Number of protein chains: 2
Amino acid sequence: MPDLLPLLGDEPSERSDAARNRAALLAAGRDLVAHCGTEAVTMEAVAERAGVGKGTVFRRFGTREGLMAAVLDADEREWQAAVISGPPPLGPGAEPWERLVAFGRSRLVTTLTHADLIRAAGGFGSRSQPAHAFTVLHLRHLLRELGVTGDLPMLATALLAPLEVPLLDAAVRAEDYPVERVLASWLDLARRITAG
Amino acid sequence: MPDLLPLLGDEPSERSDAARNRAALLAAGRDLVAHCGTEAVTMEAVAERAGVGKGTVFRRFGTREGLMAAVLDADEREWQAAVISGPPPLGPGAEPWERLVAFGRSRLVTTLTHADLIRAAGGFGSRSQPAHAFTVLHLRHLLRELGVTGDLPMLATALLAPLEVPLLDAAVRAEDYPVERVLASWLDLARRITAG
DNA sequence: GGGCCAAACGGACCGCGGTCCGTTTCTATT
DNA sequence: AATAGAAACGGACCGCGGTCCGTTTGGCCC
């Protein structure tokens, strides 16, 4: 019986060896990033560490950016869990504005922490990543709860932009602004948007 | 007499052959972009077209991104001239809000037109480009004239972000929003910021 | 003009991302 | 258990960005 529910699972269901290799490659990528930095993450190095051929890496992840995005995704999922079901004020249960403040600080820190990885994953390009979509959606949700009216998708995107790697880098690293100042001005921007 | 005003001109003054090659390479790059698209702009192709060695291209522009940035810069200078001394409402002479509207529409169109080139020049990274600095500075100027108070550098940067390639691409190309809608929501964002 | 030296040049060379295709391995079916 | 065909594999191969270093050239001083 090839597939009991061919239309429900949707995922074409990976072959067992393929799944095993995906896991091994992901682990190899994660380890390389952690121990040697993103620079050291060569497709050949990942392949060797995972004990597979180079072609397999490309088959599974398409490009280097794809691999990096997959590695990043694992980290992002943790954050998503904290937002969906973690303790307030980041998780549910706090007032919307409190959640927004926590959201901003949390994104700011996470993004700076993973800056290299995010850049290697295509950064601001390839923004169809599920991870980014989730973030935008959640911010939209918070804005709606705060009573914001107007073009919510656009407003959420615009409010998220200053928390992206290039702008954060420019402010914190190039201009040497302290993180608290960046966060304060981001909150000021959020206030202006919600005040409408 | 080696240098009459060694401390004024500041520029280390290029040797004549170097200057000639820089011009030839820039022209070759511009032509290749115009006729064959940014994809075709290979360092070797540019070198050959300019009649120099590959090493020279790297000596002059450092990296491919550097070369692209230099090509882009030529276009940007035109736009800067229009802002500084062109006819209103983009140039001086109109009310600040009118100038802001013209600024937004103009940036939007220019950015979409040059999207490929901007991406090839490093896009949102390498944002220390003089071209970008000028844009931010001008926007700050307009915001100040509109009576905006607060962290002007940050507000200007934040307001500019939705007009950058990745966000514009996502809205106009991926989401298929009409340009007018994007512009309208950008103006809404600007209004919220100026309303403070 | 001749000679000196810093600056510029050019192209062989390297490493990595990405492709291609002949070979191997899984799995559904009998 | 045998088999067939699709899917996955692996590594040789290619093109391009970037480096290196021996050679050439332009500019200043005598």
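Proteins come first, then strands; the chains are lettered A, B, ... in the order of their sequence lines, and each starts at number 1. Small disclaimer: the values here were computed from a predicted structure and weren't measured.
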*Asks:* Can you list every pair that meets salt bridge (charged side-chain N to carboxylate O under 4.0 Å, His left out) and has a residue in residues 112-126 of chain B, with sequence neighbours left out?
*Replies:* B:Asp116-B:Arg119, B:Arg119-B:Asp169
*Asks:* Should A:Val172 and A:Leu117 be regarded as members of a common hydrophobic cluster, given that ILVMFWY residues are connected when their side-chain heavy atoms come within less than 4.5 Å of each other, either directly or indirectly?
*Replies:* no
*Asks:* Rounding to an integer number of Å, can you tell me how far B:Arg20 CZ sits from D:dG26 P?
*Replies:* 7 Å
*Asks:* Determine, for A:Arg64 against A:Glu44, whether the closest basic-nitrogen to carboxylate-oxygen distance falls under 4.0 angstrom.
*Replies:* no
*Asks:* Can you sort out which residues in residues 40-58 of chain A have a heavy atom within less than 4.0 Å of DNA chain C? Ascending by number, please.
*Replies:* A:Val41, A:Thr42, A:Met43, A:Lys54, A:Phe58
*Asks:* When we call it a touch if two heavy atoms are under 4.0 Å apart, what does A:Arg60 touch: a base, just sugar-phosphate, or nothing?
*Replies:* sugar-phosphate
*Asks:* Roughly how many Å is it from CG in A:Leu32 to C1' in C:dC16, rounded to a whole number?
*Replies:* 15 Å
*Asks:* In whole angstrom, give the distance that lies between atom CD of B:Glu39 and atom P of D:dG15.
*Replies:* 16 Å
*Asks:* Report all side-chain donor-acceptor pairs from residues 31-42 of chain A shorter than 3.5 Å, counting only partners two or more places apart or in another chain.
*Replies:*
{"unit_1": "A:His35", "atom_1": "ND1", "unit_2": "A:Asp31", "atom_2": "O", "d": "3.4"}

*Asks:* I need the full list of salt bridge (charged side-chain N to carboxylate O under 4.0 Å, His left out) pairs touching residues 82-104 of chain A, with sequence neighbours left out, sorted by first then second residue.
*Replies:* none
*Asks:* What closest approach, in Å, do B:Thr194 and B:Trp97 show between heavy atoms, and which atom pair accounts for it?
*Replies:* OG1-CZ3, 4.3 Å
*Asks:* Show the distances under 3.5 angstrom between N or O atoms of the protein and N or O atoms of nucleotides 2-5 of chain C.
*Replies:*
none

*Asks:* If you only use heavy atoms from C-beta on, which nucleotide in C:dA8, D:dG18, C:dC26 is closest to the side chain of B:Thr63?
*Replies:* D:dG18
*Asks:* In whole Å, what is the span from the CZ atom of B:Phe61 to the C1' atom of D:dC16?
*Replies:* 18 Å
*Asks:* Which atom pairs, one a donor and one an acceptor, fall under 3.5 Å between side chains of residues 138-163 of chain B and the rest of the protein, sequence neighbours left out?
*Replies:*
{"unit_1": "B:Asp151", "atom_1": "OD1", "unit_2": "A:Arg181", "atom_2": "NH2", "d": "3.2"}
{"unit_1": "B:Asp151", "atom_1": "OD1", "unit_2": "B:Met154", "atom_2": "N", "d": "3.4"}
{"unit_1": "B:Asp151", "atom_1": "OD2", "unit_2": "A:Arg181", "atom_2": "NE", "d": "3.2"}
{"unit_1": "B:Asp151", "atom_1": "OD2", "unit_2": "A:Arg181", "atom_2": "NH2", "d": "3.3"}
{"unit_1": "B:Thr157", "atom_1": "OG1", "unit_2": "B:Pro153", "atom_2": "O", "d": "2.8"}

*Asks:* Considering only NZ, NE, NH1 and NH2 on the basic side and carboxylate oxygens on the acidic side, decide whether A:Arg20 and A:Asp17 come within less than 4.0 Å.
*Replies:* no
*Asks:* How close or far is atom C1' of C:dT24 from atom CG of A:Asn21, stated in whole angstroms?
*Replies:* 13 Å
*Asks:* At what distance, to the nearest 0.5 angstrom, does CZ of B:Arg60 lie from CG of B:Leu26?
*Replies:* 11.5 Å
*Asks:* Which nucleotide in the set D:dA8, C:dG18, D:dG26 lies at the smallest distance from any side-chain heavy atom of B:Arg15?
*Replies:* D:dG26
*Asks:* Classify the nucleic acid contact of A:Arg59 as base, sugar-phosphate or nothing, counting any heavy atom under 4.0 Å across all strands shown.
*Replies:* base
